[in-house]
Amino acid sequence: MSDLKNDRFIRALLKQPVDKTPIWMMRQAGRYLPEYRAIRAEAGSFMNLCTNPQLACEVTLQPLERFDFDAAILFSDILTIPDAMGLGLYFSEGEGPRFERPVRTAADIERLPIPDPELELKYVMDAVRVIRKNLQGRVPLIGFSGSPWTLATYMVEGGSSKNFAKVKGLMYEQPHLMHKMLDKLAQSVAAYLNAQIAAGAQTVMLFDTWGGALGTEEYAEFSLHYAQQVRSLLNTTYEGQQIPTILFSKGGGQWLESMAGIGYDALGLDWQTDMQQARIRVGERVALQGNMDPITLYANPEVIKSKVAMILEKYGSGSGHVFNLGHGILPDINPEHVKAMVDAVHDLSVPYHR
């Protein structure tokens, strides 16, 4: 990546040699930072923050001022696509994201448009352009989307869910409708990620947050199949540079072999998956990202450092590991504990790359 001062993250995803293990963190721009909370208050609402490219840029860059992260991730939300499809996204205190118009019938699915990323989602592309310009090649920028299955869960349930009864009910009773919806979502997600790549994202990640809610056969048919469809539609070379791709299915550790076979460069691991076993199971097919339990960051810095050491040892020597949490950081974590993790990863990983 010619314009990058630090390309460690990109190189690790492509299993190229690195000097130390790179690290970034899911939700690294977020509520655990007082400076984020200040801008969030200024913006007035979460969606105001997401839809203002200058503010989205500011919060994307905040963690890089504090910590030695090896990548920046676009500040946005996974539900921008359903919102652009006209479902009326809003956030209610204590309940998280909700939709005014959930998708429940054949007519609802028929009506769903495939949004034009440079029209209905232009605010996201503008944010990518502003962030990329302001990064000045310091570290790579990660673009992302929710997976078709994960977006479908929110769209059918009308928000988050504990048991996914509505979306699974649709899947079991009218699988043809579910497939129709997921196909539209796969096309929409691929167009959205390709537009982020064109706007300046140097890596893209698919968050399949609720893939692990499915059984093995259903995961293959309704989640993995559409993650593969998205991957097949991605422009993974842009202006002569390779754009690495990451797939993260939370709760999907039992399906790593299948996940490794659909074309992504790296798989994200949650904390319930053993890093050593994961590396053995996927072999040389993909890089691995993860996978410290986010709760570890409540512990004191010495405990954090020992946990980092254990995960690095489990991965072992050579490139192909990006250190991360197994899910997003929690809002009341002490930022000093984040610094302890980041510094430990860089300090302790050097011997594994000699």
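Values reported hereafter were calculated over all heavy atoms of this structure, with side chains retained and with hydrogens, waters and symmetry mates removed. When a residue number appears, it is its place in the shown sequence, counting from 1.
- If you take CE on Met171 and CG on Leu182, they are separated by 10.0 Å, rounding to the nearest 0.5 Å.
- Of the N and O atoms on the side chains of Ser258 and Tyr219, not one donor lies less than 3.5 Å from an acceptor on the other residue.
- In this structure, Glu284 places its CD atom where only 12 or fewer heavy-atom neighbours from other residues, nucleotides or ligands lie under 6.0 Å away.
- Using a 3.5 Å distance cut-off with no hydrogens or angles, the side chains of Ser147 and Thr150 do pair a donor with an acceptor.
- Cluster annotation: Tyr172 and Leu177 are assigned to the same hydrophobic cluster (Ile/Leu/Val/Met/Phe/Trp/Tyr, side-chain heavy-atom contacts under 4.5 Å, transitive).
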Item to complete: Decide yes or no on salt bridge (Lys or Arg N to Asp or Glu O under 4.0 Å) for Lys20 and Asp68, but give the supporting numbers first.
Response: CA-CA 12 Å; Lys20 55 185 79 165; Asp68 191 18; 6.0 Å; no

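- Transitive grouping of hydrophobic side chains (ILVMFWY, heavy atoms separated by less than 4.5 Å) keeps Trp271 and Met259 in distinct clusters.
- Counting non-hydrogen atoms of other residues, nucleotides and ligands closer than 6.0 Å to CD of Gln272 gives a total above 12.
- Under the salt bridge (Lys or Arg N to Asp or Glu O under 4.0 Å) test applied with Asp70, the options Arg11, Arg8, Lys5 reduce to a single match, Arg8.
- When all heavy atoms of Leu234 and Thr245 are compared, the closest pair comes out as CD1-CG2, 3.9 Å.
- For Phe222 and His179, the ring centers are positioned less than 6.0 Å apart.
- Ring centroids of Tyr226 and Trp149 are separated by 6.0 Å or more, keeping the two rings apart.
- Summarising the local packing, CZ of Arg37 is surrounded by more than 12 heavy atoms from other residues, nucleotides or ligands at distances under 6.0 Å.
- Using bins of under 30°, 30° to 60° and over 60° for the plane-to-plane angle, the ring pair Phe207/Phe248 lands in the perpendicular bin.
- Remark: the Asp108 side chain and the Thr105 side chain contain an N/O donor-acceptor pair separated by less than 3.5 Å.
- With Asn291 as reference, Ile311 is the one residue of Ile311, Asp270, Asp274 to meet the side-chain contact (heavy atoms from CB on, under 4.5 Å) rule.
- For the residue pair Ile78 and Pro82, the shortest heavy atom distance occurs at O-CD, 4.4 Å.
- The aromatic rings of Phe46 and Phe75 sit perpendicular to each other, their planes meeting at more than 60°, with 30° as the lower class boundary.
- Thr236 contributes atom OG1, which lies 12.0 Å from atom CG of Leu193 (distance to the nearest 0.5 angstrom).
- A side-chain donor from one of Thr216 and Trp255 sits under 3.5 Å from a side-chain acceptor of the other.
- For the pair Arg98 (side chain) and Tyr90 (backbone), a donor-acceptor distance under 3.5 Å is absent.
- Note on Lys168 versus Glu218: no salt bridge recorded, every NZ/NE/NH1/NH2 to OD/OE distance being 4.0 Å or above.
- The closest side-chain donor-acceptor pair between Thr21 and His353 falls under 3.5 angstrom.
- Arg279 contributes atom CZ, which lies 12.0 Å from atom CG of Leu269 (distance to the nearest 0.5 angstrom).
- Of all heavy-atom pairs between Val128 and Ala201, the closest is CG1-N, 3.7 Å.
- Using a 4.0 Å cut-off between charged nitrogen and carboxylate oxygen, Arg129 and Glu118 count as a salt-bridge pair.
- Closest approach of Pro115 and Ile81 over heavy atoms only: CG-O, 4.2 Å.
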Fill in: From CA spacing to verdict: side-chain contact (heavy atoms from CB on, under 4.5 Å), Lys314, Gln277
CA-CA 8 Å; Lys314 285 203 162 199; Gln277 288 302 311; over 6 Å; no

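- Rounded to the nearest 0.5 Å, atoms OG (Ser188) and CG (Leu151) are 9.0 Å apart.
- Side chains of Leu185 and Met85 form a contact here, defined as non-hydrogen atoms less than 4.5 Å apart.
- Separation of atoms CE (Met178) and CG (Leu170) is listed at 5.5 Å; rounding is to 0.5 Å.
- Centroid-to-centroid, the aromatic rings of Trp24 and Phe69 stay 6.0 Å apart or farther.
- Considering only heavy atoms from C-beta on, His321 stays 4.5 Å or farther from Gln289 through its side chain.
- The distance from atom CE of Met155 to atom CG of Leu112, rounded to the nearest 0.5 Å, is 4.5 Å.
- Enclosure of atom CD in Gln254 by more than 12 non-hydrogen atoms of other residues, nucleotides or ligands within 6.0 angstrom is indicated.
- The aromatic rings of Phe67 and Tyr32 lie parallel to each other, their planes meeting at an angle below 30°, with 60° marking the opposite boundary.
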Worksheet item: Would Arg285 and Glu257 count as a salt bridge (Lys or Arg N to Asp or Glu O under 4.0 Å) if you check the C-alpha gap in whole Å, the side-chain angles of each, and the deciding distance to 0.1 Å?
Response: CA-CA 9 Å; Arg285 292 193 290 169; Glu257 291 85 352; over 6 Å; no

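- When every heavy atom of Ile304 is checked against every heavy atom of Ala340, the shortest pair comes out as CG2-C, 4.4 Å.
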Item to complete: With side-chain contact (heavy atoms from CB on, under 4.5 Å) as the test, would you mind laying out the steps for Ser45 and Leu49 before giving the verdict?
Response: CA-CA 6 Å; Ser45 77; Leu49 194 51; over 6 Å; no

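- Heavy atoms only, all atoms of each residue included: Leu206 and Gly146 are closest at CD1-O, 3.6 Å.
- Ion pairing between a basic and an acidic side chain is recognised when a charged N comes within 4.0 Å of a carboxylate O; Arg138 and Glu65 show such pairing.
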